Asks: 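Handing you a structure now.
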Amino acid sequence: MIPLLSIVVPIHDVEPYLAECLESLAAQTLKDFEVVCVDDGSLDGSRRVAEEFAGRDSRFVVLRQPHQGPGPARNLGVRHARAPYLAFADGDDVVPPRAYELLVSSLRETGSDLACGAVLRLEDGELAPSTMHEKVFRRRVLCTHVMDRRSLARDRTVWNKVYRTAFWRERGLEFPAGIYEDVPVAIRAHVLAAGVDVLDDVVYHWRRRDAGEGSITQRRTELPNLTERLGAIRSVRAFLDETAPELKATFDDLVLEKDIVFLFQALEEAADGDCGPALEVAGQWLAELGPEVIAAAPSLRRLELHLVERGLVKELRQVREFRRAAAEGTRVVPRGWRNTGWYGDYPYFRDRKLAIPDEVYDAREELRLVAKVEECGWTGREYLLRGQVAIHRVECKPGRVSLVLSDGRRKVPLTAKRVGPQGLVATIDPRSLEGGGPTWRLQARTETRGLVLKGWFRDGESGPTWRLSVAEGSRRGMDIPQ
């Protein structure tokens, strides 16, 4: 009988974790599957663990190959996969019980080429969000695509997914050799798929290994690993150049947010006077990204990259310490009156000895307006609203503030009274809303030393967009709920 799902598990020296991984596969609520374990030349007891599973559960099979890396091991497993659906799991990770039932069911319902789901990090038996994945899987969206949902460019792993095997083979998807083999394949699959199902269910527990172990994660600041990571980045950027150039900026943003950190860590860990090899690798990274990508980075990241480019490792280390110490965020300060600039308040700003250009610190594009409603209610004759307006990361009082209610078609200006540096009070005359829509939003506009910002009020500190509802039907302002 041909199974419904093939799960390929590359195995190399993961004996302490492998039994838990395979047990999690055996416990899946979807029972109709096969597990193709590929022993990639393990030197520990991993093969024995896998063969014991295969001996007592006919759904498990074990293949062997000389050590070539996870990519070739997965490719061998795919060649032996028989099912119409295909999944991957790493031998040191864990798959939640309903994961494959949810993913396969979605594909059978929608006809999409792949389905993907949320990920948690597993460390010392505790689960925590995966920072790389959490922005992608906040809500369920079926039959979408990376071109329509750009956040999917952050979804660079293959093991939180189920693919249609026919799609995989027809598109010629294959893992390259090397230790960052999944990134190019995951991105290619997203671009080449006709449809993608995004589930908000957690479908994978990605293990963070114990400190000191020889996993790829623990060795990611080693220079050969950084060179291989750069190779994977080059591969993806070349593919996007040819097939989906609109996604390149999104991918580059993630490289500057996540991958580049390992390069900084390598320079931080290098012995004084022995930074030459790391700086040489760093130069290759910066050359690949190019000046336009670097110029588009946030200001504090631009400063780090500028210091790397100039070989100022001591100063880079101090800036990295500054970043880690700024748990509550970093400040942006105005400079100049006639033509005010807004700059990150970071080390070495306008240091004459280093002569770092002001544009490295320019943070104007990073500023945003924070507007929140703290209290609102009906007074009997009018609707009273109390709130605050501030500029994120800026300590000075916002300048001129104006408020506008909008139902999407009409705009109703409101008069606001300032209370303290950031507080304000506004009143809404119900008669001004007559004939308008059932739902109104409140927008603030500020002008502070030439800086103009707009933003919608939110309900409290971090709540949803604040909305004022008028009873459906009459559209009369007096129908505001009391």
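Counting begins at 1 with the first residue of the sequence. The structure displayed is predicted, hence computed values, not measured ones.
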Asks: Salt-bridged, Arg393 to Glu366, with N to O below 4.0 Å?
Replies: yes

Asks: Checking His145 side chain against His190 main chain: does a donor-acceptor pair fall under 3.5 Å?
Replies: yes

Asks: Are any side-chain N or O atoms of Asp113 and backbone N or O atoms of Ala194, one a donor and one an acceptor, separated by less than 3.5 Å?
Replies: yes

Asks: I would like to know whether His133 and Thr157 meet side chain to side chain donor-acceptor pair (under 3.5 Å); could you show each step before the answer?
Replies: CA-CA 9 Å; His133 297 87; Thr157 51; 3.0 Å; yes

Asks: Tell me whether Arg188 forms a cation-pi arrangement with Phe239, defined as NZ or CZ under 6.0 Å from the six-membered ring centre and within 45 degrees of its axis.
Replies: yes

Asks: Between Ser24 (side chain only) and Val94 (backbone N and O only), is there a donor and an acceptor less than 3.5 Å apart?
Replies: no

Asks: Take Arg431 and Asp429 through the test salt bridge (charged side-chain N to carboxylate O under 4.0 Å, His left out) and record every step on the way to the result.
Replies: CA-CA 5 Å; Arg431 293 171 295 181; Asp429 183 346; 3.0 Å; yes

Asks: Hey, is Asp241 close enough to Lys248 for a salt bridge, meaning N to O under 4.0 Å?
Replies: yes

Asks: Check whether any side-chain N or O of Asp197 sits under 3.5 Å from a backbone N or O of Ala115 as a donor-acceptor pair, and report yes or no.
Replies: no

Asks: Quick one: ring pair (Phe, Tyr, Trp, His ring centres under 6.0 Å) partners of Trp168, sequence neighbours excluded?
Replies: Phe88, Tyr163, Phe175

Asks: Looking only at non-hydrogen atoms, find the nearest pair between Ala89 and Trp159 and report the distance.
Replies: CA-CB, 4.3 Å

Asks: Who are the ring pair (Phe, Tyr, Trp, His ring centres under 6.0 Å) partners of Trp466, not counting sequence neighbours?
Replies: none

Asks: Show every salt bridge (Lys or Arg N to Asp or Glu O under 4.0 Å) that has at least one partner inside residues 153-164, sequence neighbours left out.
Replies: Arg154-Glu257, Asp155-Lys161, Arg156-Asp259

Asks: Do Asp93 and Arg209 pass the salt bridge (charged side-chain N to carboxylate O under 4.0 Å, His left out) test, and can you show the C-alpha distance, the side-chain angles, and the key distance before you say yes or no?
Replies: CA-CA 10 Å; Asp93 296 332; Arg209 296 238 208 132; over 6 Å; no

Asks: Taking it one step at a time, do Val412 and Trp440 satisfy side-chain contact (heavy atoms from CB on, under 4.5 Å)?
Replies: CA-CA 10 Å; Val412 177; Trp440 297 75; 3.7 Å; yes

Asks: Strictly by side-chain hydrogen bond (donor to acceptor under 3.5 Å, both in side chains), give each pair with a member in residues 441-455 just once, sequence neighbours left out.
Replies: Arg400-Glu447

Asks: Ion pair present between Glu268 and Arg317, side-chain N to carboxylate O less than 4.0 angstrom?
Replies: no

Asks: Which heavy atom of Ala99 sits nearest to which heavy atom of Gln28, and what is that distance?
Replies: N-OE1, 3.6 Å

Asks: Please step through salt bridge (charged side-chain N to carboxylate O under 4.0 Å, His left out) for the pair Arg323 and Glu304, ending with a clear verdict.
Replies: CA-CA 10 Å; Arg323 180 190 282 274; Glu304 293 165 332; 2.9 Å; yes

Asks: Please name all residues satisfying side chain to side chain contact (heavy atoms under 4.5 Å, CB included) with Asp358, sequence neighbours left out, ordered by chain then number.
Replies: Tyr343, Phe349, Arg350

Asks: What I want to find out is whether Arg150 reaches Glu246 closely enough, with some N-O distance under 4.0 Å, to be called a salt bridge.
Replies: no

Asks: Checking the side chain of Asp124 only, and the main-chain atoms of Glu126 only, is there a donor and an acceptor separated by less than 3.5 Å?
Replies: no

Asks: Between Glu461 and Lys372, is the salt bridge (charged side-chain N to carboxylate O under 4.0 Å, His left out) condition met? List the steps.
Replies: CA-CA 6 Å; Glu461 191 69 37; Lys372 60 182 179 180; 2.5 Å; yes

Asks: State plainly whether the residues Arg121 and Glu134 are in salt-bridge range, i.e. N to O under 4.0 Å.
Replies: no

Asks: Ser299 pairs by side chain to side chain donor-acceptor pair (under 3.5 Å) with which of Tyr346, Tyr361, Trp342?
Replies: Tyr346

Asks: What residue pairs, at least two apart or across chains, pass salt bridge (Lys or Arg N to Asp or Glu O under 4.0 Å) with a residue in residues 334-343?
Replies: none

Asks: Looking at Glu359, is its backbone amide N or carbonyl O close enough to the side chain of Arg302 to form a donor-acceptor pair, meaning the two atoms are under 3.5 Å apart?
Replies: yes

